[in-house]
Every structure is written in structure tokens, then in C-alpha cells.
Amino acid sequence: MLQCKVPIICFNAKDFLRTLLQVYGNEISWKQVANSVVLDPRIAAWLINPSDTVPSFESLIQKYFEKPSSKGAENTDTGVNLEKLYNVMMDLAQDLKAQGLWNLFCTLELPLIKILAVMETHKIYVNKQELKKTSEILGLRLKELEQEAHEVAGERFLLTSSCQLREVLLLLLLLKLDVQDQELASLNKLQDLHPLPKIILEYRQGFISSTWNQTGTVTGRLSAKHPNIQGISKHPVTITKKQYIKGKEEDIITISPRTLFVSKNGCTFLAADFCHIELRILADLSCEPELLKLFQEPEITDIFTTLASQWKGIPSDQVKHADREQAKRIVYSVVYGAGKERLADCLGITPVQASQFIESFMEKYKKVYEFTKKTIEQCRNKGYVVSIMGRKRPLANINAQDYKLRTQAERQAVNFVVQGSAADLCKMAMVKIFASVVTSPTLTARLIAQIHDELLFEVEDSQIQEFSGKYSLSCSFPPTHFYSLYPVISQRIES
DNA sequence: CGGGTAGACGTCAGG
DNA sequence: TCCTGACGTCTA
């Protein structure tokens, strides 16, 4: 079936392909999926309406089979189902073409099926022992904290219940508790493990592999579960603890959740990520000159640092990490339509000040404001919004009477165009790089995860130069690359 | 009455 | 502000 030149129609094709790869893993290489052509009606249905998850094959059939099935079908259930499957796919294909989604379906979403199937068959090694230990330590620390909280509060209650916590805080009224900041516990430094012999290391390592959902979001992004590898804490957490655990006598301990994932022997994890992709897309779509200028200056390495320095009126080398984070929050908050109360809350200023802030922002980046207005207007007329690659999101509430519902739809419209377009580009990068690795006779790099704007690979040590040089993504990704990519996309949509 | 389950909601990690 | 998933409580 992998060699078959004729397209295969399959509901949940990714699961089928994964099973094929797992069962025949010894006889076939993962690269062989490249030859197959698979059509998945579920993905087609999701593209037509992304808020529609289509839970089962039966429900899809039911939905697309209002018209009576053509007579003369075989008597067996299998025969009938096969015919239905074929007819449903043909109907969906017609719909996709009629709605301008056919190209997106063929060039992005269909190739992705195989990529995700291959990703799910790859084992990601984890340091099982360290994970277990971390879990135990965290459990202990949580108990400690619970006890402390009870003592301070003067009564027993469930820390994890926001409801009960609220009540307790209300009763106390006097002191402000900040439980959240101290909630995490500790772990021994992982460096201690490095000198351990290979065999022991291997013995200690277990492995995991996430499940990737291609039809689970309304914006076109991917999502992952069991575990959600897209949501692993990025920054290490440091903590001071009172109790000594298992003889390790350290007061301050750091936990780096990402280091618990380890690359295979002789391999290295290599991450390639887009730089400020959403802001670049916003600059491009709005044609905002001030924003475009920032991206075109070669000496600017970090846009948010630059924005922070402009805003605070200080040199960019004096911008602190907190300033940068603040600038980032401001930009995305304002662009996606945060209200004055929310922004005030976020920045620790009064709503009146926040309101003035938003106004001056919109004044400075006028084209961005016009872009949001135009997007909302188009959504009102058509009932949906469209991303760079033609991905659609219908927003029924865009013309609603209810103010709350209507303004929410307006924010969703603006957000979709930017976030959805970013999803398009990230998926495109995935498809292109995968295709290139698959056809390479030498490269063996495996895709481990996609964290929205980042691709994580496991690369043989001897191939790091060849791999990173070939794509030169992580080293440098200047704006010019982005703009050279964009016309290609537009052209594809036209054809 | 005890115990399991489903859905809603809150918080927090990612982007 | 938008989009996710994990994990906890709470209600039915």
C-alpha cells in the first residue's frame, strides 16, 4: 500500500499509517511513506469547518449523506462502507475546490498526515529514573507547602480548590498569600548523571511518544497529547527546600523539565524556530511601514528588545529581560484587542492610562489598526476570515446583536488571520524540510516535535553540519527569507 | 449510602 | 487579547 501509485482514501489515515510503520518496522524504512498518497475525509471536513471535530466515521457519513446512496451497492457492510467512503471523499473534494481549500488540502494537510504518522512511531527517550524522582520530590514539597498553608491560614482546606482558597483568603483578609510562586518542588542537578555508563543510562531511560492531532484546533495549529509535548516548561525552576531528600544535601535546587528528554546515543536535538513569526505576518499583512522598517534593519536582532528601548527611551543594551517581556505582552495584547482594564491589570497602571496607551499605539502603528478594521469588515461581509494559505474560519457571531458575542468574534477574526497564517507557514516548513530529508540519501534526521513556531529534530552527530547548513534555519532566519517565501505561497493559491 | 463518570470551570504550562 | 492540554475540584 505504501508503494501504491493510486491514491488511498482512509478515515484517520495517520493512525493507519502509524500502525503500518509499527507492524512492518523491521522490513520497511520510515522514509517509504513518502511514496504513498493518502486522502483523509476527516481532514477535508475539518478544513471546511474547523470548529467541527467530526468525532467518527459514522457521523461524517451521516452528515454528508443526506442524499440517498446510489443503488446497486454490494450487500456486504464492507462494500457499502467502501462505496460510502469513496462518495463522501468525492463530495468533500468538490466542497474543498468550491471553497478554495483544495490547494491547502493537497500541499499542506495531506503531506502532514505522513509526517505525523512517522513522528508518532519515533521513540523519544526520557530519563525515567530522574522523572520518577522528580515526581516524588514534587509530591513531598507539595505536602510541605500544604501544611505550611494550613498553619498560616489557621484552618485545613484544599489548596488546589480555587473555590476553597478564595473563601479562606476572604476570611483572612489581612495578609496576601502568594502560594503559586512557591508551588514547585525540586530535583537534583542532572549533571550528576552525565558520567554514568551508557548501559546504565539506557537502562534508566524509558521512552514516550506523543499523539498528534491534526484536526483539533480552529486556527490550523497542531495539538499534542499524552503527553502534551508542546507545553513542557521552557525555563528551569529554582527552589529552596527545607527537607533533605535521599541524602542529597542541597538547599537550592533547579528543575529543568526539558532536560528530562534526552537524545539517542550519538545524536543531538536540534531546534529550528521562526523568529517573531506572528509579528512579521502582522507587519506583512498590514503593510505597516514602522513595523516593516524594524524587520528590515539588519542590526536589529531582537524586535521586542528594540521596541522596549524605543518605548522606554533607553539604549537597547540596557533593556532588561523584564522590559522585553513587557513589550512583548503589550504588543500582542493590543493587537489582539485587549481592553483597557485587562491591559491595566497586565502593566500595573490605571485603566485611564492603559486607554491612552492603546490609543497612542494605534496612532503610531496606524496601518495595524486599519488592518484589524479591514479584517473585521471583511468578516462581516463574508461570514468568515481567511489565512495566507486560504484556511478559513467561519464566525457566526460576527453580526450578532449581543455586544459581548460580537466583539469576541471580532477579536477571534483578527487573531485567526495572524495565528492561522503562522500555522500555515510552520506547517509548510515542516512539509518542505521533511520532503528534503526523505529524499536525501544520507540524512537520517528525525522530526521529534513541532512546538508551533519551532521544529525539533534528532540529528546524528556526524550530520549536524550538513543538516543545519542545508536549511540554515536555527542559525539565521532574516526577514528577507520570510518575504521571499511569501510570493511562493500566493502563487500556489492562485494555481 | 459508597463509588465511579461526565462536564464545567479554574489555573498554569506552551505558542 | 487569541489558541491549546493537563490536572485539580465540584456538581449532577
### Task
Calculate the interatomic distance between A:Ile376 atom CD1 and C:dC2 atom P; express it in whole Å.
12 Å

### Query
Nearest-Å distance, CD1 (A:Ile255) to C1' (B:dA13)?
14 Å

### Query
Rounded to the nearest Å, what distance is computed from the CD atom of residue A:Glu278 to the P atom of nucleotide B:dG15?
11 Å

### Query
Between atom CG in A:Leu395 and atom C1' in C:dC3, what is the gap in whole Å?
13 Å

### Message
Let's see if you can work this out: which of C:dG5, C:dC2, B:dG15 has an atom nearest to the side-chain heavy atoms of A:Asn228?
### Response
C:dG5

### Query
When you check the phosphate oxygens OP1 and OP2 of B:dG15, does a side-chain N or O of A:Lys328 lie under 4.0 Å from one of them?
no

### Query
At under 4.0 Å between heavy atoms, what does A:Gln419 touch on the DNA or RNA strands: base, sugar-phosphate, or nothing?
base

### Task
Quickly work out the A:Tyr336 OH to B:dG15 P distance and round it to whole Å.
14 Å

### Rounded distance (Å) that lies between atom P of B:dG15 and atom NE2 of A:His276
12 Å

### Task
Taking A:Ser436 for its side chain and A:Lys432 for its backbone only, find out whether a donor-acceptor pair lies under 3.5 Å.
no

### Message
Measuring to OP1 and OP2 of C:dT1, would you say a side-chain N or O of A:Arg342 lies under 4.0 angstrom away?
### Response
yes

### Query
For A:Leu222, which contact category applies under a 4.0 Å heavy-atom criterion: base, sugar-phosphate, or nothing?
nothing

#### Entry: Short side-chain N/O contact from A:Arg221 to OP1 or OP2 of C:dC3, under 4.0 Å
no

### Task
Step through it carefully: locate the ring centre of A:Phe361, locate the ring centre of A:Phe357, and say whether they are under 6.0 Å apart.
no

### Task
Fit a plane to each ring of A:Trp102 and A:Phe105, take the angle between them on a 0 to 90° scale, and name the class: parallel (under 30°), tilted (30 to 60°) or perpendicular (over 60°).
tilted

### Query
Counting side-chain heavy atoms from C-beta on, which of C:dC10, C:dG5, B:dG15 comes nearest to A:Gln164?
C:dC10

### Message
Other residues, nucleotides and ligands only: do more than 12 of their heavy atoms fall within 6.0 Å of CD on A:Gln99?
### Response
yes

### Task
Could you tell me whether A:Ala224 contacts a base, only the sugar-phosphate backbone, or nothing, with contacts defined as non-hydrogen atoms closer than 4.0 Å?
sugar-phosphate

### Query
Under 4.0 Å between a side-chain N or O of A:His226 and OP1 or OP2 of C:dA6?
yes

### Query
Looking at C:dC2, does its base get a donor-acceptor pair with the side chain of A:Gln412 below 3.5 Å?
no

### Message
Regarding A:Leu158, tell me which of base, sugar-phosphate or nothing describes its non-hydrogen contacts under 4.0 Å with the strands shown.
### Response
sugar-phosphate

### Task
Just call it for A:Gly420: base, sugar-phosphate, or nothing, with non-hydrogen atoms closer than 4.0 Å on any strand.
nothing

### Task
Using a cut-off of strictly less than 4.0 Å, decide whether A:Ser223 has a side-chain nitrogen or oxygen near OP1 or OP2 of C:dG5.
yes

### Message
Determine whether the aromatic ring centres of residues A:Phe457 and A:Phe269 are separated by less than 6.0 angstrom.
### Response
no

### Task
For A:Lys404 and C:dT1, give me the distance from atom NZ to atom P, rounded to whole Å.
9 Å

### Query
Quick one: is C:dT1 close enough that its OP1 or OP2 comes under 4.0 Å of any side-chain N or O from A:Arg329?
no

### Message
Is the ring pair A:Phe295/A:His276 parallel, tilted or perpendicular, if the boundaries are 30 and 60 degrees?
### Response
tilted

### Query
Touch check for A:Val335, heavy atoms < 4.0 angstrom, all strands: base, sugar-phosphate only, or nothing?
nothing

### Task
Measure the distance from CG on A:Leu138 to P on C:dC7 and round it to the nearest whole Å.
13 Å

### Message
Heavy-atom nearest nucleotide on DNA chain C for A:Gln408 versus A:Lys225: which residue maps closer to 5'?
### Response
A:Gln408

